[in-house]
*Asks:* 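The structure follows.
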Amino acid sequence: MEIDFIDIKIVGLEDDLTVESPNNPALRYIYLRLSQTPPPLWQKYFEESRKIARHARWRHIWIDRKYLVVECVPEEIETHHLNDLKQDVAHANSNYRQYLQHQALAEYKKEQTQSIERDRLREMKGRLNFD
C-alpha cells in the first residue's frame with residue numbers, strides 16, 4: 001500500500017516576518033517556513049513532541065499556516081532550536097505516516113471483506129431458483 005504523503009521539512013527562515021514579541025520585547029517571533037501546510041493531525045503530533053522541555057532555553061513554538069513560529073532571541077534558532085525542531089518535525093512525520101498506513105490498511109481490509117461478501121452473494125445468486 002502506497003501512502004500519499006511527502007514528509008514535511010523546515011525549508012527556510014522568513015526574516016521579513018520577524019516581529020518583536022508582544023510578551024517580551026527582548027524576544028522575537030521568528031517564522032520558519034515549512035515545505036507545506038501541515039494537516040491538523042500532523043500538528044497534534046508535532047505539539048505532542050514539544051510537551052517536554054529538553055534544555056533550559058526551551059521556548060514556546062506554534063504552527064501558523066505553513067510556518068513554525070518560535071518566540072526567542074534570534075541567535076537561539078541556530079544554537080538551540082533548529083536541531084530540536086528538525087527532530088520534532090521528523091517525529092510528527094513518522095507518527096502521521098504510521099497513522100496514514102494504519103488507515104490505508106483498515107480501508108484495504110474493509111474492501112477485501114466487501115469483495116469476499118460480493119463474491120459469495122454472486123455465487124449464491126447463481127444457485128437461487130426464483131420459479
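Just so you know, these numbers come straight off a predicted model, no measurement behind them. Note that these values count all heavy atoms, side chains included, but never hydrogens, waters or copies made by symmetry.
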*Asks:* Is the number of heavy atoms from other residues, nucleotides or ligands within 6.0 Å of CD (Glu111) greater than 12?
*Replies:* yes
*Asks:* CD of Gln114: more than 12 outside heavy atoms within 6.0 angstrom?
*Replies:* yes
*Asks:* Can you check whether Asn93's main-chain N or O pairs, donor with acceptor, with Asp7's side chain at less than 3.5 Å?
*Replies:* no
*Asks:* Are Leu68 and Tyr31 packed together at the side-chain level, in the sense that at least one heavy-atom pair is separated by less than 4.5 angstrom?
*Replies:* no
*Asks:* Between Trp58 and Arg50, is any pair of side-chain heavy atoms under 4.5 Å apart?
*Replies:* yes
*Asks:* Taking Glu76 first and then Arg59, would you say they form a salt bridge - that is, a charged N and a carboxylate O separated by under 4.0 Å?
*Replies:* yes
*Asks:* Keeping the roles fixed (side chain from Ser49, backbone from His91), state whether a donor-acceptor pair exists under 3.5 Å.
*Replies:* no
*Asks:* Could you tell me whether the side chain of Pro39 reaches within less than 4.5 Å of the side chain of Tyr96, counting heavy atoms only?
*Replies:* yes
*Asks:* Are Trp62 and Tyr29 an aromatic pair, judged by ring center distance below 6.0 Å?
*Replies:* yes
*Asks:* For the side chain of Thr113 and the backbone of Lys109, is there at least one donor-acceptor N/O pair under 3.5 Å apart?
*Replies:* yes
*Asks:* State whether Glu47 and Lys51 are salt-bridged, where the test is any N-O pair (Lys NZ or Arg NE/NH1/NH2 against Asp/Glu carboxylate O) under 4.0 Å.
*Replies:* no
*Asks:* Looking at side-chain heavy atoms only, is the closest gap between Val69 and His60 below 4.5 Å?
*Replies:* no
*Asks:* Would you say Gln98 and Ile3 make side-chain contact, with heavy atoms under 4.5 Å?
*Replies:* no
*Asks:* Are Leu32 and Glu14 side-chain neighbours, meaning at least one heavy-atom pair lies under 4.5 Å?
*Replies:* no
*Asks:* Please find the pair of heavy atoms, one from Gln36 and one from Ile6, that lie closest to each other, and give the distance.
*Replies:* NE2-O, 2.9 Å
*Asks:* Regarding Asn95 and Trp42, do their side chains bring together a donor and an acceptor under 3.5 Å, going by distance alone?
*Replies:* no
*Asks:* Can you check whether Phe5's main-chain N or O pairs, donor with acceptor, with Arg97's side chain at less than 3.5 Å?
*Replies:* yes
*Asks:* Step through the shown structure and confirm whether more than 12 heavy atoms of other residues, nucleotides or ligands are within 6.0 Å of NE2 on His55.
*Replies:* yes
*Asks:* Could you tell me whether Asp15 and Arg28 make a salt bridge, using a distance below 4.0 angstrom between a side-chain N and a carboxylate O?
*Replies:* no
*Asks:* State, yes or no, whether a side-chain contact exists between Lys44 and Leu41 at a heavy-atom distance under 4.5 Å.
*Replies:* yes
*Asks:* Tell me whether Arg54 at atom CZ has more than 12 heavy atoms from other residues, nucleotides or ligands lying less than 6.0 Å away.
*Replies:* yes
